[in-house]
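We use all heavy atoms of the structure for the numbers below, so side chains are in, but hydrogens, waters and symmetry mates are not. Here is the naming used below: chain letters follow the sequence lines, and residue numbers restart at 1 for every chain.
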There are 2 protein chains.
Amino acid sequence: MAPGASVKDNHAVCEAEFVDKRRVGAVSKHMPDSDSIEALSEIFKVLGDPTRLRIISALSVDELCVCDIAHLLGASISATSHQLRILRHLHLVKHRKEGKMVYYSLDDACVEKLLAEGLKHIAE
Amino acid sequence: MAPGASVKDNHAVCEAEFVDKRRVGAVSKHMPDSDSIEALSEIFKVLGDPTRLRIISALSVDELCVCDIAHLLGASISATSHQLRILRHLHLVKHRKEGKMVYYSLDDACVEKLLAEGLKHIAE
DNA sequence: CCCTCACTTGAATAATTGCTCAATTATTCA
DNA sequence: TGAATAATTGAGCAATTATTCAAGTGAGGG
């Protein structure tokens with residue numbers, strides 16, 4: 001067996017050697033660290049659901065109570081609340097209580113930029 | 001959704017009336033249409049996976065063969081190829097064949113902007 | 001020609017996710 | 001206080017998804 005290549009892998013993993021070590025090294029240096037990737041993917045994942053995206057784009061216009069959000073989505077109050085909890089947990093939305101009602105609004109201007117950037121992509 | 005809001009829901013849906021009709025109407029007008037939301041959420045969903053995000057951020061530095069990408073991720077060739085197919089399908093990456101090897105690169109500059117915008121959000 | 005290598009693809013599996021339903025909290029009003 | 005309303009929460013379920021495994025394709029090399 002090749003000197004550098006242990007390859008005890010059941011699956012051939014491309015001879016266990018980088019095809020272009022220098023290039024891979026350079027790429028590796030320029031990549032965000034693992035934590036950033038993880039955090040970033042979490043945000044994208046949260047935005048990667050039509051229901052949540054609708055909530056975000058609605059709240060980017062004005063604050064709304066849970067009830068109105070649910071109507072706007074055509075979803076149940078419960079489903080809406082569940083999604084709002086997820087958005088709240090990631091600090092994308094904040095809530096304000098007024099009597100029996102809870103008003104939600106965006107907590108982060110960055111999200112609007114992401115939406116705008118994404119819509120530009122769609123427009124192509 | 002119908003402006004009249006039929007709401008024959010079994011679950012009490014906030015008295016079947018908008019709490020603030022005028023506000024909801026205004027919000028509704030400013031929201032992207034359903035197709036845009038769907039398309040946009042699909043892009044975010046694809047970016048919402050650490051493996052794919054790593055691939056994208058690697059390819060934003062330089063083109064790479066499947067083998068090197070897999071190494072960079074610490075993933076199997078197969079898993080990598082599967083994810084590349086998804087990215088290819090959404091036209092986020094393109095591929096170029098050279099002998100036995102296949103080189104992948106970004107197909108869409110917009111994605112880099114999305115990544116950059118997202119990283120700004122993380123930085124907070 | 002056969003064999004190997006780089007990669008693709010399909011099926012199976014385990015984990016995740018978004019929804020509904022039911023119960024619960026919190027607030028208002030009679 | 002007790003009934004009603006707005007919203008939250010947890011359990012359970014169906015659908016989706018990321019990975020692995022195994023088989024298959026296609027380009028070179030001996």
Side-chain angles (χ1 to χ4, degrees), chain A residues 1-2 5 7 9-20 24 37-38 41-42 44-55 63-71 73-90 93-104, chain B residues 7 9-20 38 41-42 44-55 63-90 93-104:
Chain A
M1 201 176 287
V7 192
D9 299 307
N10 40 359
H11 260 72
V13 119
C14 194
E15 272 324 290
E17 271 306 329
F18 293 104
V19 169
D20 189 337
V24 171
I37 291 280
E38 220 68 36
S41 72
E42 201 159 347
F44 283 133
K45 190 194 295 183
V46 163
L47 296 177
D49 174 78
T51 302
R52 285 191 294 263
L53 207 50
R54 259 181 268 261
I55 293 177
E63 85 169 357
L64 290 168
C65 68
V66 177
C67 170
D68 279 349
I69 297 172
H71 273 94
L73 303 178
S76 73
I77 299 278
S78 177
T80 304
S81 186
H82 275 296
Q83 302 296 2
L84 283 169
R85 195 170 62 84
I86 293 173
L87 294 172
R88 222 169 52 213
H89 220 252
L90 258 181
V93 304
K94 59 178 189 281
H95 63 293
R96 171 176 76 79
K97 210 160 181 198
E98 190 178 316
K100 279 185 291 187
M101 286 156 69
V102 178
Y103 286 93
Y104 278 85
Chain B
V7 190
D9 298 305
N10 39 359
H11 258 71
V13 118
C14 194
E15 270 326 289
E17 270 306 329
F18 294 103
V19 168
D20 188 337
E38 220 68 35
S41 72
E42 200 159 347
F44 283 134
K45 190 195 294 182
V46 164
L47 296 178
D49 173 78
T51 302
R52 286 191 293 261
L53 205 51
R54 259 182 267 259
I55 293 177
E63 84 169 357
L64 290 169
C65 67
V66 177
C67 170
D68 279 349
I69 297 172
H71 272 95
L72 216 48
L73 303 179
S76 73
I77 299 278
S78 179
T80 305
S81 186
H82 275 296
Q83 302 296 3
L84 283 169
R85 194 169 63 84
I86 293 173
L87 293 172
R88 222 169 51 214
H89 218 253
L90 259 181
V93 305
K94 59 179 188 280
H95 63 294
R96 172 177 77 80
K97 210 160 181 198
E98 189 178 316
K100 278 185 292 186
M101 286 156 70
V102 177
Y103 286 92
Y104 278 86

Task: Whole-Å gap separating C1' (C:dA6) and CG (A:Asp20) - done: 16 Å
- [ ] Ignoring backbone atoms, test whether B:Gln83 places a side-chain nitrogen or oxygen under 4.0 Å from the OP1 or OP2 oxygen of D:dT17.
- [x] no
Open item on the list: Side chain of B:Lys100 only, heavy atoms from C-beta on: which candidate in C:dC5, D:dT8, D:dA6 is closest?
Closed with: C:dC5
TODO: Answer yes or no: side-chain N or O of B:Ser78 and base N or O of C:dC7 forming a donor-acceptor pair under 3.5 Å.
DONE: no
Open item on the list: If I take atom CG in residue B:Leu84 and atom P in nucleotide C:dT8, what distance separates them, rounded to the nearest angstrom?
Closed with: 7 Å
Open item on the list: Using every non-hydrogen atom in the two residues, find where B:Ala75 and B:Thr80 come nearest and quote the distance to one decimal.
Closed with: CB-OG1, 3.9 Å
TODO: Mark yes or no for a side-chain to base donor-acceptor pair under 3.5 Å between B:His82 and D:dT17, with no hydrogen or angle criteria applied.
DONE: no
Open item on the list: Can you give me the closest heavy-atom contact between B:Cys67 and B:Ile77, atom names plus distance?
Closed with: CA-CD1, 3.8 Å
- [ ] Would you mind telling me which of C:dG18, C:dT8, D:dA7 lies closest to the side-chain atoms of B:Val102?
- [x] C:dT8
Task: Nucleotide paired to D:dT9 in any strand shown, Watson-Crick or G-U, under 3.5 Å - done: C:dA22
- [ ] Enter the distance from A:Ile37:CD1 to B:Arg52:CZ here, rounded to the nearest 0.5 Å.
- [x] 13.0 Å
Open item on the list: I want to confirm an ordering. Mapping A:Lys97 and A:Thr80 to their closest nucleotides on DNA chain C, which one lands closer to the 5' end?
Closed with: A:Thr80
TODO: Give the rounded distance in Å between these two atoms: NE2 of B:His89 and P of C:dT9.
DONE: 10 Å
TODO: Would you kindly give the CD1-to-P distance between B:Ile77 and C:dT9, to the nearest whole Å?
DONE: 14 Å
- [ ] Have a look at B:Tyr104 and tell me which of B:Arg96, B:Arg88, B:Lys94 forms a side chain to side chain donor-acceptor pair (under 3.5 Å) with it.
- [x] B:Arg88
TODO: Report yes if at least one side-chain N or O of A:Arg88 is closer than 4.0 Å to OP1 or OP2 of D:dA7; otherwise report no.
DONE: no
Open item on the list: Can you identify which nucleotide, out of D:dT9, D:dT8, C:dT9, has its nearest atom closest to the A:Arg85 side chain?
Closed with: D:dT9
Open item on the list: Heavy atoms from C-beta onward define the side chain here; which of D:dA6, C:dT8, C:dA6 lies closest to that of A:Met101?
Closed with: D:dA6
TODO: Answer yes or no: does a side-chain N or O of B:Thr51 lie under 4.0 Å from OP1 or OP2 of D:dT19?
DONE: yes
- [ ] Report the nucleotide, chosen from D:dT8, C:dT20, D:dT19, that has the shortest atom-to-atom distance to any side-chain atom of A:Ser81.
- [x] D:dT8
Open item on the list: Are the side chains of B:Glu38 and A:Arg54 in contact, using a 4.5 Å heavy-atom criterion?
Closed with: yes
Task: Any side-chain heavy-atom pair of B:His82 and B:Ser78 under 4.5 Å - done: yes
Open item on the list: Pairing check on D:dT19: which nucleotide meets the Watson-Crick or G-U wobble criteria with it, both distances under 3.5 Å?
Closed with: C:dA12
Open item on the list: On DNA chain D, does the nearest nucleotide to B:Asp49 precede the nearest nucleotide to A:His95 from the 5' side, or the other way round? Give the residue.
Closed with: A:His95
Task: Separation of D:dA18 P from A:Phe44 CZ (nearest whole Å) - done: 15 Å
Open item on the list: Less than 4.0 angstrom between a side-chain N/O of A:Ser76 and OP1 or OP2 of C:dT20, yes or no?
Closed with: yes
Open item on the list: C:dG18, OP1 or OP2 - any side-chain N/O from A:Arg52 closer than 4.0 Å?
Closed with: yes
Open item on the list: Nearest to the side chain of B:Tyr104, heavy atoms from C-beta on, is which of C:dT28, C:dG18, C:dT8?
Closed with: C:dT8
Open item on the list: For A:Gly99 and A:Ala79, find the nucleotide of DNA chain C closest to each by heavy atoms; which residue's nucleotide sits nearer the 5' end?
Closed with: A:Ala79
- [ ] Round to a whole Å and report the spacing from OH of B:Tyr103 to C1' of C:dT8.
- [x] 18 Å
- [ ] In whole angstrom, give the distance that lies between atom CD1 of B:Ile86 and atom C1' of C:dT9.
- [x] 13 Å
Task: Close side-chain approach of B:Gln83 to B:Leu73, heavy-atom, < 4.5 Å - done: no
Open item on the list: Any side-chain N or O of B:Lys45 below 4.0 angstrom from OP1/OP2 of D:dT16?
Closed with: no
- [ ] Specify the separation, in whole Å, of atom NE2 of B:His71 and atom C1' of C:dC7.
- [x] 14 Å
